[in-house]
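In what follows, chains carry the letters A, B, and so on, assigned in the order in which the sequence lines appear, proteins first and then strands, with residues in each chain numbered from 1. All values reported here derive from a predicted model rather than from experimental measurement.
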Amino acid sequence: MAPVTMLEAIRQAIFEEMDRDPAVISIGEDIGGYGGAFKVTEGLLARFGPERVIETPISETAIIGAACGMSYLGLRPIAEMQFIDFIACCFNQVTNFVAKGHYLWGAPAPMVIRGPSGGGVHGGPFHSANPEMYFVHTPGLKIIYPSTPYDAKGLLKSAIRDNNPVLFFEHKFLYRRIKEELPEDDYTVPIGKAVTRREGRDLTILTYAAMAHTCIEAAAALEKEGVDAEVIDLRTLLPLDKEAILASVKKTNKLLIVHEDTRTGGIAGEIASLVCEGAFEDLDGPIQRVTSLDTPVPYAPSLEEHFLPNVAKVVDAARELARY
Amino acid sequence: MSPSYPAAKTKTSAAPALTRDTHLGLYYYMRLNRAVEDQMVKLFRQNKIVGGLYSSLGQEGISVGTAYALEKRDWMAPMIRNIGALLVKGVRPRDIFTQHMAKFTSPTLGKDGTSHFGDLKNLHIVSPISMLGDLIPVMTGVAMAGRYLGQNIVTMTWIGDGGSSTGAFHEGLNLAAAQRASLVLILENNQWAYSTPVSKQVPLRDLAERGRAYGITSVSVDGNDVVAVYRTAKSAVDQCRAGDGPVLIEAKTHRMRGHAQHDPAEYVPKEMREYWEARDPITRYEKFLTENKIWNAADKKEIEARIEKVLNEDREFAENSPMPPPELAEQGVYCDGCHTIEADWQRPKSEVTPPKTTFDTTLQVKDFGGIDQGFNVPTETVTGQTEPPPIKKSAKPAQASGNGASAPASSKSSAAKSKSAKAPVRKGRR
Amino acid sequence: MSIDVVMPQMGESIFEGTITKWLKKAGDKVERDEPLFEISTDKVDAEIPAPSAGVLKEIKVAEGQTVPVQTVVAVIDSNGAGAASVATASAAPAPAKPEAPKAPAKSEAPREEIPKPESAKAAPSPAPAPQAARPAPATAAKAPTSGDGNKVRSSPLVRRLAKDHDIDLTQVPGTGAGGRVAKRDILGAIEGGAARAGTSSASATSPAALSASPAAAARPSAPPPPASGATQAHAGFDSAVPREKMYFGNYEVQPMTVMRQRIAEHMVLSKRVSPHVYSIDEADVTGIAALRAKLKGKFEETTGTKLTFMPFFVRAAVEALRAYPTVNASVDGTNIVLHRDCNIGIAVALDWGLIVPVIKNAEEKNFLGLARTMNDLAERARTKKLKPEEVAESTFSITNPGVFGGLMGLPVINQPNVAILGLGTIEKRPVVIDDAIAIRSMVYLTLSYDHRVVDGAIAHQFMGKIKHTLENWTESIL
């Protein structure tokens with residue numbers, strides 16, 4: 001197969017799963033004839049019809065609520081948030097209905113909530129969100145944030161087949177920028193498992209989504225300076241792959257966490273705590289992080305660039321840590 | 001402007017078309033509802049109930065009358081004051097007791113209380129959460145899924161006058177209307193949202209008006225007349241099952257106790273309370289059954305004995321049940337294979353499985369949204385500076401289409417139009 | 001059965017209630033759910049029903065009194081038939097049946113006390129109070145000081161490695177940021193073997209420095225919590241009496257060096273693990289003494305190494321070990337590990353402690369080889385030039401307490417050996433030979449052995465063989 005973009009990989013996953021299982025349906029705004037704001041669902045309506053590709057009014061609470069109700073009858077809805085930023089409009093449904101049902105009254109909600117997220121595309125403060133931590137903080141959900149087409153397709157399939165509600169974040173910066181050849185056959189990627197993008201000895205760089213590519217670039221630059229960085233892509237934020245994180249820290253003894261999410265309350269703090277609990281005596285230096293600023297996402301390109309992490313910032317931090 | 005749907009009645013409707021069994025069943029469940037709640041008040045004052053206790057005293061006619069119209073295959077999602085509906089659906093008093101007492105034998109194993117429990121597989125009950133209105137989009141989804149699976153089900157849920165102001169109410173009802181979902185929404189107008197009278201939060205006297213705004217069938221009914229409630233609900237359920245879209249039933253009643261046990265509700269004017277006490281649904285029904293010789297004293301005694309027996313048994317069971325073990329708190333966050341999720345297909349899967357002829361996705365927009373056909377609501381047209389093009393006389397009814405959207409039927413009356421755009425007031429809207 | 005009647009909680013924020021009226025008095029019969037008393041609270045007044053049928057035995061709170069929620073306000077004496085329900089009138093729930101699958105036990109990370117780094121010059125002020133820090137081995141949590149009193153900067157990893165390998169961080173040059181000891185530095189130190197020995201090692205500080213500032217090396221601090229198996233490591237520091245009883249009158253506290261701590265641990269563990277039994281014999285070494293006297297000078301001249309008694313004993317021991325292999329073994333659970341090599345550990349007393357360098361493959365060495373090796377090891381032991389592998393992997397040990405006087409010693413087995421030979425003083429004693437008294441050079445030999453695997457019969461025969469070898473010396477020593 002020719003290499004495909006991450007967007008195409010996501011579309012393939014949706015198509016293939018809806019082909020495989022008639023219990024899978026799609027619901028969201030403008031996902032029908034228009035094919036979705038980013039064209040992820042292009043062709044879906046023609047193939048599966050209006051019974052399985054349901055277009056809704058602008059009602060995030062109703063979209064998620066209806067998807068939840070459908071899942072109670074054994075369907076597996078894929079609910080789209082046109083921009084993941086709009087998940088804030090249905091925060092109550094997600095955290096109080098969908099996430100808590102199985103724990104409280106034994107009602108699993110096998111649904112997926114997916115949407116384009118992340119910045120670097122001049123989207124401004126309401127179209128560039130990384131809201132993952134509101135939901136990492138919500139027991140009962142699973143949260144996936146892939147960085148490659150292969151992972152996106154495999155993880156979305158796993159999400160659709162999972163009995164639990166899964167939030168699937170698609171970094172819009174990566175939608176069309178990376179291409180990869182995918183296997184012909186059906187495959188899945190397990191939820192909850194990180195992957196090593198680059199092996200190294202001197203320090204571990206832990207990251208996810210668009211920053212994974214930034215970190216790989218940074219690692220290449222660091223190699224020239226004689227610093228051998230290991231890059232680990234989390235892929236799943238909840239549940240975190242604690243074993244992989246601790247194993248890498250035990251190997252390199254230094255940890256740098258890079259995420260596009262804002263600093264305070266970002267997952268770096270959580271990981272730092274985990275590492276102190278599980279591998280304190282393996283640390284040969286303080287745990288460091290490179291993140292976005294603690295501000296809303298600004299609009300002007302010069303402002304947004306200052307706001308976001310980039311290769312230079314990661315290289316600087318890694319170099320410092322290596323020298324410690 | 002007064003709507004021309006059935007006015008609120010204060011007398012029990014005469015000449016029922018119900019069977020004796022249905023009558024006695026309605027009475028039994030209303031009495032059981034009240035007895036269960038009375039028992040819980042006692043348990044509460046004996047400090048055996050964890051947390052708060054809510055009462056539906058005076059509203060039993062609504063819970064029982066509406067739920068009685070459902071079939072076994074239908075789904076419901078009750079709220080806090082719909083214990084009567086739960087009992088009609090098949091929940092036992094012991095489940096209500098153990099839920100309130102947070103016992104390990106409760107349907108949620110003690111993980112949540114009051115009426116926050118459900119049963120997906122057998123009784124088809126969806127658990128509420130404490131936030132109001134959220135059941136409406138969820139039950140809309142249940143109705144949509146039921147239709148998709150060919151199950152021909154109707155879903156029913158309740159909301160209060162206060163809850164009808166939430167965003168979830170509006171988003172949910174709008175989606176139900178747009179999807180023509182088979183949802184029967186019972187709006188219990190018991191005149192109070194905690195300590196706020198309905199007049200302070202909704203500028204409508206008859207909350208059924210809210211349903212009109214979504215283009216769906218909306219009716220008001222005397223909520224304390226259980227027969228009227230039942231008949232209205234049955235007709236709504238039948239209509240939904242036929243595919244005519246959601247129905248909103250405003251059932252008028254009064255909350256006879258406070259918001260919860262700790263609220264003595266002294267803000268209710270004495271005369272208001274007395275007005276509604278005279279219209280107690282159970283007392284009215286007893287009078288009706290006696291006057292119409294539908295039952296006799298022996299029937300009543302038998303029902304009371306049956307209720308006493310089940311209440312004692314279930315209360316004993318609940319009191320003797322243990323509390324949950326502490327480690328239970330750590331379990332159940334994820335479904336890790338503990339449930340097998342399988343839809344109940346009542347239609348061949350092949351109907352929705354491709355390959356098939358490709359669906360035509362061309363968008364059909366027949367109503368351009370212009371002003372030629374006039375408006376459905378009274379308004380005035382203000383003449384502007386620019387001259388509008390001449391209005392053509394057209395007999396074609398206006399329709400909108402799209403995916404599953406329902407058509408507000410403005411096609412009923414065609415052309416009361418003239419050039420000077422005097423907009424007619426639509427009457428007779430459902 | 002007595003049933004408590006309690007003041008109920010009528011609302012989430014209500015914490016007390018007032019009894020406004022008792023509807024029954026003590027001695028009255030009550031039915032279940034019958035109204036019993038009335039209360040008034042901040043939010044609501046209510047009539048409270050009896051929780052059980054029976055007789056109102058006692059009213060504990062009178063009308064007009066205000067009590068907190070859950071207070072017992074009365075007691076009902078329920079008769080058998082009426083009181084079918086469990087006494088749940090009080091808020092205490094019935095004991096939970098363990099039906100739910102037990103959740104996995106919470107794994108608790110051992111909570112480490114934050115170590116208190118202290119400066120080197122602390123006067124030896126003891127902490128008699130039991131909760132003060134106990135003397136503990138040099139742990140990873142402490143920041144060891146260098147001679148000038150500055151703390152050594154490192155990292156958790158570095159400190160752990162230092163502790164595991166018994167390395168004094170003050171002796172490790174740091175190339176990390178700000179001169180801290182980094183991972184590469186400690187790894188280098190471990191490989192290089194600097195300032196390190198095997199099981200009992202001297203701390204890097206010289207004995208002189210030790211006595212000058214006794215508080216310099218091991219400093220009392222909170223011992224780390226025991227990891228699994230770590231209780232063994234601290235067995236050496238248990239007290240048989242409460243600590244306070246040791247501190248009275250005039251005293252001086254001298255913290256143990258690392259070597260001393262290791263010795264302490266080892267001794268306690270050896271005694272705990274191996275049941276020590278002792279076999280005593282004596283050997284007539286007159287012949288050997290004469291031989292030595294005759295050849296001493298020539299030996300040294302020719303070989304360049306001193307001729308002591310030790311090689312004779314070692315050679316005799318090796319012969320005996322070959323004859324009785326059970327004595328040249330280790331115990332691993334229910335397995336006996338019979339060592340084919342005879343690696344003889346020779347205990348060497350040092351000014352600052354004790355060390356046991358090992359002659360590897362003594363069975364392959366001739367007398368001269370043994371002599372040379374022993375002298376070399378002893379010399380380097382005293383100058384602290386032993387390599388780690390030279391103090392490890394012994395299969396049998398010999399100690400010579402006699403060198404300091406006294407008839408004999410009963411040594412502690414050097415784990416993981418199963419026996420140790422103690423040599424007493426060589427002195428002239430009157431003995432009976434052929435019914436006459438003769439003056440002979442005699443030496444007492446003691447064998448401490450592990451009775452798990454070495455029985456008395458073997459032990460005595462083993463000793464007999466040594467004695468025989470010594471008394472019938474045939475091997476040429478030059």
Beyond-backbone contact of B/I153 with A/L73, side-chain heavy atoms, under 4.5 angstrom
yes
Taking atom OH of A/Y134 as the centre, does the number of heavy atoms from other residues, nucleotides or ligands within less than 6.0 Å exceed 12?
no
Would you check, one step at a time, whether the test side chain to side chain donor-acceptor pair (under 3.5 Å) holds for A/N96 with B/D134?
CA-CA 10 Å; A/N96 282 318; B/D134 288 276; over 6 Å; no
Looking only at non-hydrogen atoms, find the nearest pair between B/E171 and A/A62 and report the distance.
OE1-N, 3.2 Å
Quick check on B/D119 against chain A: is it the side chain, the backbone, both or neither that has a heavy atom closer than 4.5 Å?
backbone
Using a 4.5 angstrom heavy-atom cutoff, name the option from A/G69, A/P139, A/G49, A/S71 with the most pairs to chain B.
A/G69
Do the non-hydrogen side-chain atoms of A/P77 and B/M144 ever get within less than 4.5 Å of each other?
no
So, do A/K100 and B/I129 sit near enough that their side-chain heavy atoms are less than 4.5 Å apart?
no
Test your reading of the model: is there a side-chain donor-acceptor pair from A/R47 to the backbone of B/P354, 3.5 Å cut-off?
no
Any chance you could measure A/N92, atom CG, to B/L132, atom CG, to the nearest 0.5 Å?
10.0 Å
Between the main-chain N or O of B/E330 and the side-chain N or O of A/Y103, is there a donor-acceptor pair closer than 3.5 Å?
no
Does a side-chain heavy-atom distance below 4.5 Å link B/E351 with A/E51?
no
Using every non-hydrogen atom in the two residues, find where A/P110 and B/I341 come nearest and quote the distance to one decimal.
CG-CD1, 3.5 Å
Could you walk me through whether A/H102 and B/C338 satisfy the side-chain contact (heavy atoms from CB on, under 4.5 Å) test, starting with their C-alpha distance in whole Å, then the side-chain angles of each, then the deciding distance to 0.1 Å, before giving a yes or no?
CA-CA 10 Å; A/H102 183 262; B/C338 44; 3.3 Å; yes
Applying a strict 4.5 Å limit to non-hydrogen atoms, the region of B/L149 in contact with chain A is side chain
Rounded distance (nearest 0.5 Å) linking atom CZ of A/R20 with atom OG1 of B/T353
12.0 Å
Crowding at CZ, A/F126 (>12 non-hydrogen neighbours, <6.0 Å):
no
Honestly, the part of A/A107 sitting under 4.5 Å from a heavy atom of chain B is both
Would A/W105 and B/L120 count as a side-chain contact (heavy atoms from CB on, under 4.5 Å) if you check the C-alpha gap in whole Å, the side-chain angles of each, and the deciding distance to 0.1 Å?
CA-CA 10 Å; A/W105 59 286; B/L120 297 180; 3.9 Å; yes
Hey, is the main chain of A/L141 close enough, under 3.5 Å, to the side chain of B/Y334 for a donor-acceptor pair?
yes
Nearest heavy-atom approach of A/P22 to B/Y148 is O-OH, 2.7 Å
Contact between B/V138 and A/Y72 at the side-chain level, heavy atoms closer than 4.5 Å - yes or no?
yes
Nearest heavy-atom neighbours spanning B/F359 and A/F48
CE1-C, 3.4 Å
Do you know which of A/A23, A/A67, A/G106 has the most heavy-atom pairs with chain B at a distance under 4.5 angstrom?
A/G106
Is any side-chain heavy atom of B/L175 closer than 4.5 Å to a side-chain heavy atom of A/S59?
no
Tell me, do A/F97 and B/M131 make a side-chain contact under 4.5 Å, heavy atoms counted?
no
Contacting moiety of A/I64, where chain B heavy atoms sit under 4.5 Å:
neither
Around atom CZ of A/F15, are there more than 12 heavy atoms of other residues, nucleotides or ligands at under 6.0 Å?
yes
Minimal non-hydrogen separation, B/C335 against A/N164, with atom names:
N-OD1, 2.6 Å
Is any side-chain heavy atom of B/S127 closer than 4.5 Å to one of A/L104?
no
Correct closest heavy-atom pair for A/P57 and B/A178 would be CG-CB, 4.5 Å
